[in-house]
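Read through the structure below, which is laid out as structure tokens, and then see the notes.
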Amino acid sequence: MTELVDTLNELINDVMLHAQSYGMSYNEAFFDKINSILTENGDVRELTFSEYNGQDDKGRKMRADGYGFDVEDGTEASNIREMTILLSDYGYDGVSGEIDKIRTLNTDELEKKFMEVKRFIEACSSPSFVTDIAETARYRDLVELLTQNLSKLEKITILYATTSRFSGRIKEFKSDNINGIKINKHIYDLQRHHAILTSKDGNEPTEIIFEEYGFDALTALKTSDGGNTQSMLLAIPGDLLFRIYEEHGARLLEQNVRTYLQARGNVNKGMIATLKDNPERFFSYNNGLTATASNINVKKETDTTIAITGIKNLQIVNGGQTTASIHYAKFKNNSDLSRVYVQMKLSVVDQELLEKIVPRIAQFANTQNKVNAADFFANHPFHRQFENLSRTNPTPRQDNTVSNHGTYWYYERARGAYNNETYKLKSAAEKREFLNKFPKQQLILKTDLAKYLMSFERRPDIVSKGAQAAFVEHANTIGLPETFEKKEASFNKIFYEQAIAKAIIFREVDKLIQTAPWYEGGGSKACTVTYSIAWFAEYLHKNKKILDYETVWKTQSLTPALQSIFEALTPKIYQALKESAPENLSAVPQWAKRKGCWDNLKNNFEFHFDAELLDSALTSKELQREGQRVARQEQKVFNSEMHWAAMTHLEPVTWKAIIDFCKRHDIYKQLLPNQMRDIERLANLTRAQIRMKPITGLEAENLQPVFQKISSLDFDFHLHGIDECLR
């Protein structure tokens with residue numbers, strides 16, 4: 001319970017800091033925090049804040065705090081079929097000091113919260129409800145969206161987020177309905193928040209017990225046991241897979257697969273047809289699933305088989321489309337899944353090795369498909385490079401700080417890494433030192449970085465679709481891992497400083513709009529931010545002008561010139577977004593997701609800058625080129641030194657293992673003469689000799705391509721203790 005109290009206090013501090021930084025209410029700050037976590041966790045795509053708090057005609061409470069929906073590309077927002085409504089309860093407004101007791105919530109209290117949202121949904125079925133709402137009301141977009149689509153909606157998920165701990169069992173909640181619309185109920189409480197933050201592999205811990213879904217043990221055929229992993233084959237009933245996915249959704253999908261599916265949102269028509277017309281042949285026609293787990297519950301075991309009653313931390317690394325198609329067939333078409341079975345290759349991986357091994361299983365399980373850069377971007381070397389840059393490049397010391405040194409931005413390559421680092425620190429002094437070095441407001445998530453960079457890459461329509469969509473687009477600009485080496489030196493100190501400057505500009509423009517008197521709310525802030533930045537970047541690009549990122553980096557703030565520019569530009573952009581929206585997409589956040597919206601703004605919107613003001617925000621092409629040239633050279637030298645330093649720790653036995661691996665995979669004969677010479681020398685030394693005459697810088701440079709080659713062929717780095725920077 002002590003850890004849960006610590007998590008609560010950490011959450012309260014986060015919300016207070018976010019609310020103060022952005023000039024918003026505690027409830028909106030809590031909404032933002034939960035939205036970010038749930039989006040990355042796979043519960044939702046991206047939610048829009050739209051706060052409603054009122055009463056029905058009988059004086060009963062009605063509430064909603066935000067919404068989201070999934071549509072396939074090209075589908076009109078007026079034709080949505082599924083929707084999520086979030087109700088958030090923060091409960092600690094104005095609290096100061098440490099909290100030492102956790103509030104609890106029982107089943108009856110939770111049902112009352114769900115009922116508040118149900119009343120709101122029912123109220124939206126009346127046309128008079130929306131006509132009585134003022135045009136400027138911050139929640140009007142949500143009411144209009146519900147009213148327009150209520151007759152066509154098939155499912156609404158009510159998601160209740162709270163800082164309390166739920167004391168009941170969510171499985172006790174039966175599916176409900178309103179006017180034939182299926183209502184699903186989910187809760188995000190403090191216990192679940194803690195579980196996600198403290199998860200070692202970045203995925204939410206889950207335990208699936210087959211009996212709870214009405215199924216007995218499943219018999220699996222043992223195939224191999226590699227010590228750290230145990231592999232088996234089984235046939236999972238279609239109905240069971242549907243029910244598991246109905247409850248856990250995209251959280252079951254390994255992050256790369258999840259990102260891919262959320263970006264495309266499609267199902268396989270061929271699978272749907274088979275499930276409808278020939279369900280008994282689905283097993284024969286379909287390739288099945290590749291999945292991982294941290295543990296399994298076993299009922300009975302023989303030399304060749306194992307009876308499984310439950311799976312812990314199930315992750316589907318290949319077969320996300322199969323899973324989504326089965327769910328679609330049952331939910332949308334009411335297909336009979338009783339005769340459907342799906343082959344599953346299940347690998348049970350040691351908990352400590354999940355982060356290292358699961359991505360490799362995902363990569364090789366997906367090699368039969370065309371590989372896109374986005375498919376494996378979560379494990380791309382770009383992230384290690386940017387993480388390293390964030391840990392080795394302090395910010396310039398600011399005059400208004402007490403410290404004699406700069407701080408650092410913290411790039412979170414693995415979800416929850418920042419919190420995990422603070423949890424590991426035992427004393428208050430250690431935590432204070434860490435937070436002084438890496439202030440919480442300088443934390444950047446992978447998806448946030450993508451959002452910032454894609455705004456400056458002039459893709460506001462993509463950014464408006466959500467962080468996951470921006471993440472996929474960012475992946476496409478970076479490219480596949482095997483081509484990254486060729487441009488690795490371009491992702492250097494200058495690139496890093498400019499990326500942080502872009503993050504600062506994005507965040508400061510967000511704050512500027514939040515507190516602006518013209519801002520009407522209604523969830524339109526996010527799209528106004530990205531469209532303002534993108535249009536400004538487009539203007540500079542067309543006119544061959546270069547923004548002065550260096551001053552933003554040096555001051556760690558928006559320059560006075562940029563402040564004035566965006567104060568004048570943002571209300572005009574917002575007005576242009578509103579006026580250009582067609583009737584069926586009257587809500588600005590929905591219109592902003594369309595490429596047509598960006599094309600319209602890019603080609604038709606005009607804005608005249610103060611020439612002197614604009615010039616003071618720019619730099620020359622010559623200065624930019626020289627800075628980039630020096631930074632590329634410095635990065636090449638730094639990367640080379642890092643590889644050499646890591647290689648000096650390798651033992652002769654490791655070099656022998658590398659030679660054996662190269663020979664087994666026909667790489668050895670392809671080595672250059674100097675590579676063969678260097679690797680043989682290191683393998684034939686004793687431990688004492690290799691310490692007396694370690695690998696030289698030139699040898700390390702010669703052998704770096706060998707390490708990249710064996711990495712692509714799944715050499716077991718963890719087994720041989722090889723430093724991650726060599727991969």
Side-chain angles (χ1 to χ4, degrees), residues 31 34-35 38 41-48 50-58 60-71 77-89 105-126 129-130 139 141-162 166 168-189 192 212-214 239 242-251 324 327-334:
F31 179 96
I34 301 307
N35 183 19
L38 291 177
N41 199 51
D43 291 71
V44 296
R45 249 190 185 176
E46 187 115 350
L47 301 173
T48 300
S50 188
E51 190 177 34
Y52 176 85
N53 196 341
Q55 295 180 335
D56 66 7
D57 53 9
K58 296 180 180 177
R60 298 174 301 185
K61 199 169 186 180
M62 300 191 299
R63 275 193 62 196
D65 290 297
Y67 67 93
F69 57 84
D70 291 340
V71 293
S78 57
N79 291 322
I80 61 176
R81 294 287 182 265
E82 299 180 20
M83 193 168 177
T84 298
I85 297 178
L86 182 80
L87 177 63
S88 61
D89 267 336
L105 183 79
N106 62 35
T107 303
D108 289 340
E109 291 169 323
L110 182 56
E111 280 286 20
K112 289 177 183 176
K113 297 294 183 182
F114 287 137
M115 185 56 70
E116 291 175 11
V117 182
K118 285 180 64 179
R119 290 192 194 107
F120 171 71
I121 295 169
E122 288 170 341
C124 289
S125 65
S126 170
F129 184 61
V130 69
Y139 49 82
D141 60 321
L142 170 56
V143 175
E144 284 184 342
L145 203 62
L146 264 175
T147 302
Q148 291 169 4
N149 290 279
L150 213 52
S151 62
K152 293 165 283 190
L153 280 169
E154 296 167 353
K155 182 171 77 172
I156 297 177
T157 298
I158 301 175
L159 187 53
Y160 177 62
T162 176
F166 179 49
R169 282 171 56 83
I170 195 63
K171 284 189 172 63
E172 295 171 5
F173 293 100
K174 296 178 181 178
S175 294
D176 210 338
N177 76 84
I178 297 175
N179 299 329
I181 305 169
K182 183 178 180 181
I183 304 293
N184 281 359
K185 305 169 188 174
H186 294 288
I187 183 170
Y188 183 94
D189 70 337
R192 188 174 171 209
E212 294 180 353
Y213 298 94
D239 261 323
F242 166 79
R243 294 180 195 186
I244 293 172
Y245 189 74
E246 177 77 358
E247 180 176 346
H248 297 283
R251 301 198 304 274
H327 182 268
Y328 182 98
K330 175 74 171 178
F331 178 70
K332 295 287 182 74
N333 301 338
N334 198 28

Review point. Of all residues at least two apart in sequence or in a different chain, which pass the side-chain contact (heavy atoms from CB on, under 4.5 Å) check with E122?
Key: I178
Practice item. Starting at CG of N177, measure out to CG of N184 and round the result to the nearest 0.5 Å. Key: 11.0 Å
Check your understanding: Which value, rounded to the nearest 0.5 Å, describes the distance between L87 atom CG and K113 atom NZ?
Key -> 6.5 Å
Check your understanding: Could you state the interatomic distance from CD (E246) to NE2 (H327), rounded to the nearest 0.5 Å?
Key -> 3.5 Å
Revision key, fill the gap. Between Q55 and M62 the two heavy atoms that sit nearest each other are O-CE, 3.3 Å
Review point. Donor-acceptor pair, N35 side chain versus F31 backbone, under 3.5 Å?
Key: no
Check your understanding: Would one find more than 12 heavy atoms of other residues, nucleotides or ligands at under 6.0 Å from atom NZ of K332?
Key -> yes
Review point. Hey, does L146 have a side-chain heavy atom less than 4.5 Å from the side chain of I85?
Key: yes
Exercise for review: To the nearest 0.5 Å, tell me how far L47 CG sits from L38 CG.
Suggested key: 7.0 Å
**Study point:** Passing candidate, side chain to side chain contact (heavy atoms under 4.5 Å, CB included) with D176, options K185, M115, E111
**Key:** K185
**Study point:** Residues forming a ring-ring contact (aromatic ring centres under 6.0 Å, His included) with F120, sequence neighbours excluded
**Key:** Y52
Check your understanding: Can any side-chain N or O of R63 pair as donor or acceptor with the backbone N or O of S88 at less than 3.5 Å?
Key -> yes
Check your understanding: Of V44, D141, I156, which meets side chain to side chain contact (heavy atoms under 4.5 Å, CB included) against Y67?
Key -> D141
Check your understanding: Any side-chain heavy atom of K182 within less than 4.5 Å of one from L153?
Key -> no
Exercise for review: Supply the atom-to-atom distance E116 CD to D56 CG, rounded to the nearest 0.5 angstrom.
Suggested key: 11.0 Å
Review point. Quick one: are L145 and F69 in side-chain contact, heavy atoms under 4.5 Å?
Key: yes
Point to revise | Side chain T162, main chain D189, donor-acceptor under 3.5 Å | key: no
Point to revise | Any side-chain heavy-atom pair of T84 and H186 under 4.5 Å | key: no
Review point. Roughly how far apart are E154 CD and E82 CD, rounded to 0.5 Å?
Key: 7.0 Å
